[in-house]
Amino acid sequence: MIIFSKALADQGTVWEALRASETCQNLPPDLIRFSAQSKPVVMWNLTRRCNLACQHCYMDAEKEASEELSLEEGIHLVDDLAALKIPILIFTGGEPLLSRNFFAYAFHAREIGLRTVISTNGTLITPEVARLMAEAKIRYVGVSMDSITPQRHDSFRGVAGAWDRALQGMRNARDAGLKTGLRITLTRDNWQDVPALLNLALDEGIPRFCLYHLVPTGRGAGIAERDVTPEQRRSVIRLLAEAAVELKDRNIEILTTDSPMDGAYLLELLKGDPRQEQVRKLLTNAGGCSTGVKVANINHKGDVHPCHFMPHVVVGNVRERSFRDIWIDNPSAELLALREIKSNLKGACGKCDYLDLCGGCRQKAFYYHGDLLAEDPTCILEQGANGTK
């Protein structure tokens, strides 16, 4: 996650906040990614069930639920994560609001002091649902919207009327006092919609705009050829970098995720700019690709993955062992190897001067080369930092 607004328009306050906190327990959620926090942000797929049929779904979600953790198992997991003092628990899916246990987990997390956010398609956020989420102290509601044109969004999401319902869901969350974000997954079909969607967020008073890059996992692997070209990606990143500065007084946060190369490219754009050194410190602190380190994923069956885009890598199951045991006390050799992966990267990634703050996306390397250690072929640096690309 690269938070352009914090890196480019709020560097002083961000850096002082990070220097003042070793554990990040008192940091707001939007600063955790820049911290030296070692305990992971945990993404929990409550259910594989979904009411949409999105073309890029990494979970390959389905209409019916299956093999989900029981309420008792889920409550035990929430307790385990709270005791570990993870910074954030992200409820996701499928569609997490289709989990019959969502509010039981959310209210329990509130009671024991575990901070939570939700990743949702937004179509099920009625005013009553939004009110309950506010009562449960959900810290952030991320809602997906993949085109400024309703028909294109609905086609991508597989259900007619999804755009209208997502917009109303964002409004309901906003009106309930929840911090709300508009999210787009970038493809060749919608990259030119980014300015209009950013304007929509501004017009609607939505305080966060988040751009997701397409990762070829699940159904996303079936549309890998529709990923943006390097120049299209660079164009969008330049736009967002400029917007982060121009809109710094408009109460909107701009960020990208699933592409650590964005940070390296941002530094290329800042060459000769006095902000470059400060931004580099922040990005180095964040560390780039965080698989197996700053992020963890638990699927609906309790399988633990080093990243939600790596379903093929299972490092344990919370039905058999506690998350603490899997992640901290007795991590597998595979997980330990992932934590040292930057030392062993091959090709351009292994030789790049931005390795400390990037490392490429390991899932993209695996998809395109069949090797987690390979270089990420979606790199957007026009010439590598050391001149080798």
Side-chain angles (χ1 to χ4, degrees), residues 43-69 71 74 78 88-110 115-148 150-185 197 200-201 204-210 212 218-219 298-300 308:
M43 289 165 277
W44 179 14
N45 301 100
L46 297 182
T47 181
R48 195 176 175 186
R49 186 183 174 201
C50 190
N51 59 327
L52 302 185
C54 305
Q55 295 180 20
H56 68 310
C57 179
Y58 69 86
M59 272 286 285
D60 195 12
E62 53 194 19
K63 295 298 182 184
E64 300 300 325
S66 62
E67 303 182 86
E68 295 175 12
L69 298 183
L71 176 59
V78 173
I88 289 287
L89 173 60
I90 301 175
F91 294 124
T92 184
E95 172 48 54
L97 290 174
L98 284 173
S99 167
R100 69 184 67 183
N101 296 325
F102 169 75
F103 280 111
Y105 298 146
F107 277 98
H108 183 66
R110 183 197 70 177
R115 297 194 288 184
T116 58
V117 305
I118 183 172
S119 174
T120 171
N121 61 45
T123 62
L124 302 178
I125 305 177
T126 64
E128 176 64 9
V129 166
R131 183 186 66 79
L132 287 170
M133 287 198 292
E135 285 187 13
K137 294 189 177 178
I138 299 292
R139 300 298 186 100
Y140 170 68
V141 180
V143 177
S144 299
M145 184 166 284
D146 292 299
S147 176
I148 196 64
Q151 293 80 4
R152 284 220 309 267
H153 172 90
D154 293 356
S155 176
F156 189 64
R157 295 280 163 175
V159 173
W163 192 93
D164 289 328
R165 292 164 63 193
L167 179 59
Q168 189 57 54
M170 275 194 293
R171 289 169 172 168
N172 290 338
R174 174 204 64 195
D175 292 347
L178 291 155
K179 182 175 181 180
T180 308
L182 186 157
R183 309 175 308 170
I184 172 177
T185 297
L197 285 170
L200 176 64
E204 292 289 336
I206 303 298
R208 176 179 270 199
F209 181 87
C210 182
Y212 283 68
R219 291 202 290 269
I298 302 170
N299 75 5
H300 62 298
H308 55 304

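- For the pair Ser144 and His153, the tightest heavy-atom approach, listed with the atom from each and the gap, is O-CE1, 3.5 Å.
- A search for side chain to side chain contact (heavy atoms under 4.5 Å, CB included) contacts involving Ser119 returns Ile90, Thr92, Arg183, not counting sequence neighbours.
- Between Lys179 and Pro207, the closest heavy-atom pair is CG-CG, 4.1 Å.
- Nearest heavy-atom pair, Ala162 versus Leu52, reported as atom, atom and distance to 0.1 Å: CB-CD2, 4.2 Å.
- For residues 122-137, the salt bridge (charged side-chain N to carboxylate O under 4.0 Å, His left out) pairs, not counting sequence neighbours, are Glu128-Arg131, Arg131-Glu135.
- Within the model, atoms CE of Met170 and CG of Leu200 stand 6.0 Å from one another, a figure rounded to the nearest 0.5 Å.
- How far CG of Leu89 is from CD1 of Ile298: 7.5 Å, rounded to the nearest 0.5 Å.
- Contact between Ala106 and Ile138 at its shortest, heavy atoms only, is CB-CD1, 4.1 Å.
- Residues Asn172 and Val129 fail the side-chain proximity criterion, which asks for heavy atoms closer than 4.5 Å.
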- Message: Show, in sequence, the C-alpha distance, side-chain angles and deciding distance for Asn51 and Arg165, and conclude whether the side-chain contact (heavy atoms from CB on, under 4.5 Å) test is met.
- Response: CA-CA 12 Å; Asn51 59 327; Arg165 292 164 63 193; 3.8 Å; yes
- Task: Give the C-alpha distance, both sets of side-chain angles, the deciding distance and a yes or no for side-chain contact (heavy atoms from CB on, under 4.5 Å) between Thr47 and Glu95.
- Result: CA-CA 7 Å; Thr47 181; Glu95 172 48 54; 5.7 Å; no
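- Under the 4.5 Å side-chain criterion, counting only non-hydrogen atoms from C-beta, Leu46 is not in contact with Asn101.
- Between Phe102 and Phe91, the angle of the ring planes goes over 60°, which puts this pair in the perpendicular group of the 30/60° scheme.
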- Task: Take Tyr58 and Asn45 through the side-chain contact (heavy atoms from CB on, under 4.5 Å) test and state the conclusion after the steps.
- Result: CA-CA 11 Å; Tyr58 69 86; Asn45 301 100; 3.1 Å; yes
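- The two residues Pro96 and Gly94 have their closest heavy-atom pair at CD-O, 3.5 Å.
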- Under the side-chain contact (heavy atoms from CB on, under 4.5 Å) rule, what do His56 and Phe156 come out as? Steps first, then yes or no, please. CA-CA 8 Å; His56 68 310; Phe156 189 64; 3.4 Å; yes
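- Atom OH of Tyr140 and atom CZ of Arg115 lie 15.0 Å apart (nearest 0.5 Å).
- The CG atom of Leu167 sits 4.5 Å away from the CE atom of Met145 when rounded to the nearest 0.5 Å.
- Panel note: side chain Trp44, backbone Gly74; no donor-acceptor pair is recorded below 3.5 Å.
- The two residues Asp146 and Thr185 come nearest to each other via the heavy atoms OD1-N, 2.7 Å.
- Between Arg100 and Glu68 the shortest side-chain heavy-atom distance does not fall below 4.5 Å.
- For Arg219, the side chain to side chain contact (heavy atoms under 4.5 Å, CB included) partners are Cys57, Asp60, not counting sequence neighbours.
- At least one donor-acceptor pair closer than 3.5 Å links the side chain of Arg174 to the backbone N or O of Glu204.
- Between the CD1 atom of Ile125 and the CD atom of Gln168 there is a distance of 10.5 Å, given to the nearest 0.5 Å.
- Between the CZ atom of Arg48 and the CD atom of Glu62 there is a distance of 4.5 Å, given to the nearest 0.5 Å.
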